[in-house]
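The structure appears right after this line, and notes come after that.
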Amino acid sequence: MIRLALLVAALATPAQAATHAFCWTGANGYRIEGHIGYPDDIRGIVTEDSVTSFGITGWQDDRRLGQWSLKDRKPDTSFTLRFDTRTLSFPMGGYRENGTYQEWNANGFADDCGDPGFGFNGGNRAQDVCVDGVLIEESGITPDTPLAVSPDAANPCGPLIMSSLALPRRRL
């Protein structure tokens, strides 16, 4: 009976989770601020089947483009994820067979993120975003550009560049 009580107590204890924030910087002012969570006992590669939390918010300069998270995932959602817990990075390069392909609510054509919707594709031609069901080619960067976690979880992409802030116009 005591063993059964200990087993029930162990199962009721929530598992510890590792969480990280990350920032993807694309071309022409496009960026993603995101987070990933997974059981902290996983060593090696975390996949879409083992994440406990995941979410991305897309931006172009200071304009919010959209967001996507696990709570939005449906059975037909394009979602392939690889995260290396040893290097704290997403393997990039765009090849499924090498484990370097990422699709976060955006397939290889980056045209299935929904409308409205937002997604990211890390394919073998480019890393780019999808907004409202449309590939945003001008966001694209080379497929093997590294994507690591941010040292500042509260501000994953760092402070905004002063030139991107809208300043009040002074009346003369």
Side-chain angles (χ1 to χ4, degrees), residues 18-38 45-48 51 53-74 76-167:
T19 58
H20 305 287
F22 60 90
C23 177
W24 173 81
T25 304
N28 297 304
Y30 288 90
R31 75 179 190 282
I32 294 174
E33 295 181 11
H35 72 275
I36 182 171
Y38 54 90
I45 301 296
V46 173
T47 71
E48 66 276 0
V51 293
S53 67
F54 185 82
I56 54 175
T57 301
W59 300 87
Q60 183 183 26
D61 299 321
D62 61 348
R63 184 173 59 103
R64 187 177 175 279
L65 300 173
Q67 67 184 37
W68 183 82
S69 72
L70 282 182
K71 70 178 178 55
D72 302 315
R73 186 178 183 190
K74 296 180 178 38
D76 62 341
T77 299
S78 298
F79 187 48
T80 301
L81 177 135
R82 299 292 177 271
F83 180 77
D84 190 330
T85 64
R86 294 173 303 252
T87 61
L88 297 181
S89 65
F90 296 89
M92 302 306 267
Y95 292 96
R96 286 183 195 272
E97 60 275 10
N98 295 340
T100 61
Y101 180 72
Q102 309 283 340
E103 61 177 4
W104 310 335
N105 195 41
N107 62 8
F109 299 105
D111 63 0
D112 71 338
C113 61
D115 188 5
F118 181 78
F120 171 80
N121 172 59
N124 62 6
R125 189 181 68 77
Q127 297 174 21
D128 40 40
V129 298
C130 173
V131 178
D132 298 337
V134 176
L135 164 65
I136 308 300
E137 287 193 51
E138 69 182 32
S139 70
I141 59 174
T142 60
D144 57 350
T145 302
L147 177 50
V149 301
S150 170
D152 182 359
N155 196 9
C157 290
L160 288 177
I161 299 169
M162 292 303 289
S163 64
S164 70
L165 299 176
L167 300 175

Salt-bridge test for Glu48 and Arg73: reply yes if a basic N is under 4.0 Å from a carboxylate O, no otherwise.
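No salt bridge links Glu48 with Arg73.
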
Cationic N near anionic O, under 4.0 Å, Arg63 to Asp61
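Salt bridge absent between Arg63 and Asp61.
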
Can you check whether [X] reaches [Y] side chain to side chain, under 4.5 Å on heavy atoms?
X	Y	answer
Thr47	Leu81	no
Val46	Thr85	yes
Ile32	Thr57	no

When you measure from the side chain of [X] to the backbone of [Y], do you find a donor-acceptor pair of N or O atoms at a distance under 3.5 Å?
X	Y	result
Thr100	Pro91	no
Ser69	Gly55	no
Tyr38	Phe83	no
Gln102	Arg82	yes

Report the relative orientation of the aromatic rings in Phe79 and Phe54; use parallel for angles under 30°, tilted for 30 to 60°, perpendicular for over 60°.
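Because their plane-to-plane angle lies in the 30° to 60° range, the rings of Phe79 and Phe54 count as tilted.
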
If you apply the rule salt bridge (charged side-chain N to carboxylate O under 4.0 Å, His left out), what do you find for Glu33 with Arg64, and how did you get there?
CA-CA 11 Å; Glu33 295 181 11; Arg64 187 177 175 279; over 6 Å; no

Taking all atoms of both residues into account, what is the closest heavy-atom pair of [X] and [Y], and its distance?
X	Y	answer
Pro143	Arg125	CD-O, 3.7 Å
Val129	Ser139	N-OG, 3.1 Å
Asp72	Thr77	O-OG1, 4.3 Å
Ile141	Ala27	CG2-N, 3.5 Å
Gln127	Thr145	NE2-O, 2.9 Å
Ala106	Gly119	CB-C, 3.8 Å

Run the numbers on Ser78 and Asp112 for side chain to side chain donor-acceptor pair (under 3.5 Å), then give the verdict.
CA-CA 8 Å; Ser78 298; Asp112 71 338; 2.5 Å; yes

Ring-ring centroid check Phe120 Trp24, cutoff 6.0 Å
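For Phe120 and Trp24, the ring centres are under 6.0 Å apart.
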
Hey, mind stepping through Arg86 and Asp84 against salt bridge (charged side-chain N to carboxylate O under 4.0 Å, His left out) and telling me if it holds?
CA-CA 5 Å; Arg86 294 173 303 252; Asp84 190 330; 3.4 Å; yes

Output all residues satisfying ring pair (Phe, Tyr, Trp, His ring centres under 6.0 Å) with Phe118, sequence neighbours left out; order by chain, then residue number.
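For Phe118, no residue satisfies ring pair (Phe, Tyr, Trp, His ring centres under 6.0 Å) once neighbours in sequence are set aside.
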
Who pairs with Asp132 by side chain to side chain contact (heavy atoms under 4.5 Å, CB included), at least two apart in sequence or on another chain?
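For Asp132 the side chain to side chain contact (heavy atoms under 4.5 Å, CB included) partners, ignoring immediate neighbours, are Asp115, Pro116.
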
Name the one of Asp128, Asn107, Asp111, Thr80 that satisfies side chain to side chain contact (heavy atoms under 4.5 Å, CB included) with Asn121?
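Per the side chain to side chain contact (heavy atoms under 4.5 Å, CB included) rule, the option paired with Asn121 is Asp128, out of Asp128, Asn107, Asp111, Thr80.
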
Candidate list Val131, Leu65, Asn28, test side chain to side chain contact (heavy atoms under 4.5 Å, CB included), partner Ile136, passing option
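Checked Val131, Leu65, Asn28 against Ile136; only one passes side chain to side chain contact (heavy atoms under 4.5 Å, CB included): Val131.
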
